[in-house]
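Residue numbers start from 1 in every chain, and the chains themselves are labelled A, B, ... in the order their sequence lines are given, proteins ahead of strands. What you see is a predicted model, and the numbers here were worked out from it, not measured in a lab.
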Amino acid sequence: MAAKFSIPVPRDFILARDVCSYGYFLLAPSHWDPSTASYLTTLDTGGRAVTVRITQGEATAPTGVRELARRRGIPLAVKADVALGKAEQAVVAGLLGRMFRVDEDHTVLSGYHKVDPRWKKSGRGRLMRSGTLFEDVIKTVTSCNVTWPSTIIMNRRMCEIVGRKSASGLFAFPTAARLARTRPQKLRARCSVGYRDQRIIKLAKMFAKDVGPALPRKLAAKGIAWPTGKQGGFTAWLESPQTTDEHVFAALMELPGVGPYAAANIMQLLGRYARLPLDTESIRHAKSILKFTGTDRELMKKLHAHYEPFGEHRFRSYWFELWEFYEAKRGPAWTWERETTGKTFTAALLAD
DNA sequence: GGTAGACCTGGACGC
DNA sequence: GCGTCCAGGTCTACC
């Protein structure tokens, strides 16, 4: 028998707005269904894969922004494709809670809207992410040095080739342990990850053992130490509010396949929004929307200066400027189909 | 510390 | 259908 349960959300939470807020909602195993305003995903609960459908209020397409707003704060209805015990249900709720950032309640977002009132009316502020930090790291690595359609393919194939299959016949994102056991040749040949094969497996081994990379002497001299070897707890260390942004960034930069862009992006996925993951898309934004001029280096400086006033929330302001542009081009994000609209997000296709 | 070139894949384009 | 070119961030070697 299928399991049904509900998850409480902050009073300003709107599923359609807060899920369709970052590109990862278009990547497997995520599947947003615009016709029913429901979010479908498959989660690896540790021993098996469970497919869940999440709705908020009516399982119908929102007729507009006002109708969407009426769903605000309604607890999420979760329907799983199999019966769940209490412990497994708690795992599912925990993974979904991380994805939807339910820890960021209205007080957090009202603080943000004071700094940047442009998004107060729409209530934008939350950014969808994955159920685990490991999945966020791999998704970030698969978004580097490729166009968006290739990122979609890599994530879909990693789910299908390495992930667990649910009773519904859908695939979860592979756990670190499963990816750690995969041969690089298989990843490259069947998941189209290219030269990222070894890097992904190295990352998987680190996260499976929950240890960080070897600590370079330079960083040790600065007093930056993260859990390595038998100490464990690398993920918890990264997610701990006690760990400074500077130390988290330095640690992430030591991960294989992670450079300045990826490290800054993983930081926002960790809920640390002060750093900007600037890339070629940022350059396009600077030129076409902000009307900045100059060399790429100069544009980067201007971008940093532009977002400086938003302080600890810099990334949110940067991202929602981009998102507003995408929605102006493609319509509200909660109307996007993964297989059609969702594939069109590349700098070249979005250029004026 | 800064820079050049290699790393791969999928898509666009020309023939 | 084939070949060529291009986009994309990280890594390594070199100055």
Side-chain angles (χ1 to χ4, degrees), chain A residues 22-24 26-28 134-162 179 182-207 212-214 216-219 221-222 248-269 275-288 294-301 303-304 315 318-319 322 325-326 329-330 338-352:
Chain A
Y22 191 67
Y24 290 4
L26 296 165
L27 297 179
F134 173 68
E135 187 176 337
D136 277 338
V137 169
I138 300 299
K139 279 186 155 62
T140 299
V141 168
T142 61
S143 73
C144 290
N145 201 29
V146 284
T147 53
W148 184 244
S150 295
T151 304
I152 292 177
I153 291 169
M154 286 185 229
N155 280 278
R156 193 186 71 221
R157 291 192 185 153
M158 275 194 287
C159 291
E160 292 171 355
I161 306 299
V162 192
L179 262 175
T182 308
R183 289 187 309 131
Q185 298 91 322
K186 183 177 175 182
L187 263 193
R188 181 180 288 231
R190 301 191 64 191
C191 305
S192 302
V193 300
Y195 63 86
R196 298 167 196 79
D197 55 356
Q198 300 270 12
R199 297 175 190 177
I200 288 173
I201 288 169
K202 278 184 188 172
L203 284 166
K205 285 179 177 170
M206 281 181 201
F207 277 87
R217 258 185 230 166
K218 267 187 194 176
L219 297 174
K222 288 182 185 175
V248 169
F249 186 78
L252 293 174
M253 284 288 288
E254 294 304 317
L255 297 177
V258 175
Y261 163 79
N265 195 58
I266 294 165
M267 287 190 71
Q268 69 86 4
L269 292 162
R275 284 184 190 250
L276 294 172
L278 298 182
D279 58 2
T280 52
E281 179 63 354
S282 319
I283 296 293
R284 182 201 58 72
H285 182 67
K287 289 178 182 171
S288 68
T295 62
D296 284 3
R297 187 186 288 255
E298 288 165 344
L299 290 172
M300 289 295 189
K301 273 191 179 178
L303 283 166
H304 281 293
F315 180 78
Y318 162 69
W319 185 253
L322 282 184
F325 169 73
Y326 298 155
K329 287 260 182 188
R330 304 279 189 267
R338 186 173 73 184
E339 301 306 318
T340 54
T341 317
K343 287 185 176 174
T344 65
F345 291 86
T346 64
L349 290 172
L350 289 167
D352 290 331

Students should find that the end-to-end axis angle of the helix from B/dG1-C/dC15 to B/dC15-C/dG1, with five pairs defining each axis and rounding to 10 degrees, is 30°

Give one of base, sugar-phosphate or nothing for A/R190, where a contact means two heavy atoms less than 4.0 Å apart.
nothing

Give me the distances for all protein-to-nucleotides 11-15 of chain C N/O pairs that come in under 3.5 Å?
residue: C/dC11; atom: OP1; partner: A/G257; partner atom: N; Å: 2.5
residue: C/dC11; atom: OP1; partner: A/V258; partner atom: N; Å: 3.3
residue: C/dC11; atom: OP2; partner: A/V258; partner atom: O; Å: 3.2

By nearest atom, which of the nucleotides B/dC7, B/dG10, C/dT10 is closest to the A/S150 side chain?
B/dG10

Can you check the A/I283 CD1 to C/dG9 P distance for me, whole Å?
10 Å

Closest nucleotide among C/dG9, C/dG8, B/dT3 to the A/R297 side chain
B/dT3

So which one's nearest nucleotide on DNA chain B is more toward 5', A/N145 or A/S192?
A/N145

Under the side-chain contact (heavy atoms from CB on, under 4.5 Å) rule, collect the residues that match up with A/T295, sequence neighbours excluded.
A/R297, A/E298

Hits for side-chain contact (heavy atoms from CB on, under 4.5 Å) against A/M206, two or more places apart or cross-chain, chain-then-number order -> A/P213, A/L255, A/P256

A/R157: side-chain hydrogen bond (donor to acceptor under 3.5 Å, both in side chains) partners, not counting sequence neighbours:
A/S192

Applied to residues 197-206 of chain A, the salt bridge (charged side-chain N to carboxylate O under 4.0 Å, His left out) test, sequence neighbours excluded, yields A/R188-A/D197

For A/T151, side-chain contact (heavy atoms from CB on, under 4.5 Å) partners two or more places apart
A/L27, A/T142, A/S143, A/V146, A/W148, A/N155

Partner set under side-chain contact (heavy atoms from CB on, under 4.5 Å) for A/A204, not counting sequence neighbours
A/F134, A/L179, A/A180

Would you mind reading off the distance between A/M300 atom CE and B/dG2 atom P, rounded to a whole angstrom?
15 Å

Could you tell me how far apart A/I200 (CD1) and B/dC7 (P) are, to the nearest whole angstrom?
18 Å

Considering only distance and modelled atom types, tabulate donor-acceptor pairs under 3.5 Å from the side chains of residues 262-269 of chain A, sequence neighbours left out.
residue: A/N265; atom: OD1; partner: A/Y22; partner atom: OH; Å: 2.9
residue: A/N265; atom: OD1; partner: A/Q268; partner atom: NE2; Å: 3.3
residue: A/N265; atom: ND2; partner: A/Y22; partner atom: OH; Å: 3.3
residue: A/N265; atom: ND2; partner: A/T140; partner atom: OG1; Å: 3.3
residue: A/Q268; atom: OE1; partner: A/R101; partner atom: NH2; Å: 3.4
residue: A/Q268; atom: NE2; partner: A/Y22; partner atom: OH; Å: 3.4

Do A/Y195 and C/dG9 have a side chain to base donor-acceptor pair shorter than 3.5 Å?
yes

For A/Q198 and B/dC7, give me the distance from atom CD to atom P, rounded to whole Å.
15 Å

